[in-house]
Number of protein chains: 2
Amino acid sequence: MYAFLIRHKTLLLYGLCLAVLLFLLKWLEVRLLLVDHAFELYIGGIAVLFTALGIWLTRKLTRPRVETIVVEKEIYVQKEQSFQVNEQELDSLGISKRELAVLGLMAEGLSNQEIADRLFVSLNTVKTHSSNLFEKMEVKRRTQAVEKAKRMNIIP
Amino acid sequence: MYAFLIRHKTLLLYGLCLAVLLFLLKWLEVRLLLVDHAFELYIGGIAVLFTALGIWLTRKLTRPRVETIVVEKEIYVQKEQSFQVNEQELDSLGISKRELAVLGLMAEGLSNQEIADRLFVSLNTVKTHSSNLFEKMEVKRRTQAVEKAKRMNIIP
DNA sequence: ACCAAAATCACCCAAAAGTATGAGCCCCGG
DNA sequence: CCGGGGCTCATACTTTTGGGTGATTTTGGT
């Protein structure tokens, strides 16, 4: 009910104005019929009044055109340096967990003995894993393994 | 004169319409005064007519109101990551041209002999450069040298 | 329970990497 | 001219890496 009133506010206002004007017409109609030459003035006044009313009504009813302008703003961001293991390559090469661990430490520059100490296994174990790793990666030496692994995103 | 007519075209048109309507008023005035209850219809018609005229005139005379809304759209652009040698570190370590060349090939996974072949020098020469390089970089083995060099942006 | 894969370990041996020492040549600056 | 730095090369030796072979244990799936 209230929303209806708000929504059609202008129309109601027009209706009210019209009612008032019509009342004036009625009232002036009776009085001016008794006076000579007043008729033309009466009619002229009506014409002007209702023209003004039409103008006013139009201004109220018409909506402003909305024009949206999109401005693109480029923001430069630093490339995120976060490493993500290429699981696909890992799987396809068939590298085991332990082999990958050895590879990672190799890339850090540790010697075989240092890797063994780090992983709590013997030097022989590290050599075995290395050997198996090189075979799977089809490389001949650790520097090749590391270079290839980085290229393939297996290690960071 | 012609420009004046163009410019005030709408106004002139309104004036013409007004003249026509007033003539109609005059003419209808004579005829409708002789008929009972026709007076109200006459006046009502005038009201409606001039309201319409006002509306029409407004549409012609006034510019349409335009509301401009500016929307900023953010676009994220990644920065190009191209390798650049860290000359400062290079200088401070005192690594020679040849030593750097050996380091680069080392990082590519080449053996000493392969590096020698690539640079057209003997295996002994490569060993000498390596030895000097490790001393300057304070590392014990090639994997360490490569890891450190990449970290320091000496090699890509 | 059985089986295959992964992990661990040992031993032997060759190849590669790394160290130490020494030398010659060239270029450049004092 | 001399000295220092860089480049090249050799030799001898040591250490580390990597390949081969074999074995045992552990783990996970059927």
Side-chain angles (χ1 to χ4, degrees), chain A residues 85-152 154-155, chain B residues 85-152 154-155:
Chain A
V85 181
N86 189 333
E87 300 285 354
Q88 213 171 2
E89 293 288 358
L90 254 188
D91 290 341
S92 89
L93 288 173
I95 294 174
S96 74
K97 270 206 197 144
R98 227 40 182 163
E99 284 160 3
L100 187 61
V102 169
L103 180 58
L105 295 174
M106 216 181 254
E108 282 180 36
L110 275 68
S111 68
N112 280 344
Q113 187 56 62
E114 286 168 350
I115 293 168
D117 296 337
R118 184 74 76 84
L119 299 178
F120 303 104
V121 293
S122 81
L123 175 60
N124 296 312
T125 304
V126 173
K127 282 186 181 183
T128 304
H129 287 321
S130 297
S131 199
N132 293 334
L133 179 69
F134 294 167
E135 200 177 318
K136 286 171 183 177
M137 293 186 74
E138 292 178 324
V139 295
K140 291 194 185 102
R141 65 191 71 90
R142 63 188 47 207
T143 48
Q144 270 186 339
V146 169
E147 189 275 326
K148 190 168 182 177
K150 280 180 184 288
R151 200 179 353 114
M152 294 170 80
I154 289 170
I155 56 173
Chain B
V85 180
N86 188 333
E87 298 287 352
Q88 216 170 2
E89 292 287 357
L90 254 187
D91 290 344
S92 87
L93 287 173
I95 294 175
S96 75
K97 268 201 198 152
R98 224 44 180 162
E99 283 158 5
L100 186 61
V102 168
L103 180 59
L105 295 172
M106 217 181 252
E108 282 180 37
L110 274 69
S111 69
N112 280 343
Q113 186 58 59
E114 285 166 351
I115 292 169
D117 295 337
R118 186 73 75 86
L119 300 177
F120 304 105
V121 293
S122 80
L123 175 61
N124 297 311
T125 303
V126 172
K127 284 187 178 183
T128 304
H129 286 320
S130 298
S131 196
N132 293 336
L133 179 69
F134 294 166
E135 197 179 318
K136 287 171 182 179
M137 292 186 77
E138 292 178 326
V139 295
K140 292 195 185 104
R141 64 191 72 89
R142 63 186 48 205
T143 49
Q144 270 186 338
V146 169
E147 189 274 326
K148 190 168 180 177
K150 280 178 184 287
R151 199 176 357 110
M152 293 169 82
I154 292 171
I155 56 173

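Values below: every heavy atom of this structure, side chains too, minus hydrogens, waters and symmetry copies. Just so it is clear, the structure is predicted and the values come from calculations on it, not from any experiment. In the text below, chain A, chain B and the rest are named by the order of the sequence lines, each starting its count at 1.
Side-chain N/O atoms of B/Thr128 and base N/O atoms of D/dC7 include no donor-acceptor pair closer than 3.5 Å.
For A/Arg118, the CZ atom counts as loosely surrounded, since its 6.0 Å shell holds 12 or fewer non-hydrogen atoms of other residues, nucleotides or ligands.
Put simply, the side chain of B/Glu89 never gets that close to the backbone of B/Asn86: no donor and acceptor are under 3.5 Å apart.
For the pair A/Arg98 and B/Ser131, both in contact range of DNA chain C, the more 5′-proximal nearest nucleotide belongs to A/Arg98. Both A/Leu123 and A/Glu135 sit near DNA chain D, but only A/Leu123 has its closest nucleotide nearer the 5' end. Between B/Asn132 and B/Arg141, the one whose closest nucleotide on DNA chain D sits nearer the 5' end is B/Asn132.
Candidate nucleotides C/dT8, D/dC9, D/dG19 were compared by shortest atom distance to the side chain of B/Asn124, and D/dC9 ranks first. The side chain of A/Val121 approaches C/dT8 more closely than any other nucleotide in the set D/dC7, D/dT17, C/dT8. For A/Thr125, counting side-chain heavy atoms from C-beta on, the closest listed nucleotide (C/dA7, D/dT8, C/dC9) is C/dC9. Relative to the side chain of B/His129, the nucleotides C/dA7, D/dC9, D/dC7 differ in distance, and D/dC7 lies closest.
The nearest whole Å value for the distance from the CD1 atom in B/Ile115 to the P atom in D/dT8 is 13 Å. When the P atom of D/dT16 is taken as reference, atom CD of A/Glu114 falls 10 Å away, rounded to whole Å. Protein atom CG of B/Leu133 is 14 Å distant from nucleotide atom C1' of D/dG6, rounded to whole Å. Look at CD on B/Glu99: it is 8 Å from C1' on D/dG6, rounded to the nearest Å. Rounded to whole Å, the distance from NZ on A/Lys127 to C1' on D/dG19 is 10 Å. In this entry the distance linking NZ of A/Lys140 with P of C/dA14 reads 21 Å, nearest Å. Atom pair A/Arg142:CZ and D/dG19:P shows a separation of 10 Å (rounding to whole Å applied). In this structure, CG of A/Leu119 is placed 18 Å from P of C/dA6, rounded to the nearest angstrom.
Contact check for B/Ile115 versus B/His129: no side-chain heavy atoms found under the 4.5 Å cut-off.
Here A/Glu147 does not pair with A/Arg142 in a salt bridge; the nearest charged N to carboxylate O distance is not below 4.0 Å. Using a cutoff of 4.0 Å between basic side-chain nitrogens and carboxylate oxygens, B/Lys148 and A/Glu108 are not scored as salt-bridged.
The side chain of B/Asn112 places no N or O atom within less than 4.0 Å of a non-bridging phosphate oxygen (OP1 or OP2) of C/dA16. Contact annotation: A/Ser130 does not reach the phosphate of D/dT17 (side-chain N/O to OP1 or OP2, under 4.0 Å).
Residue-level contact check: B/Ser122 touches the backbone only, with heavy atoms under 4.0 Å from sugar-phosphate atoms and none from bases.
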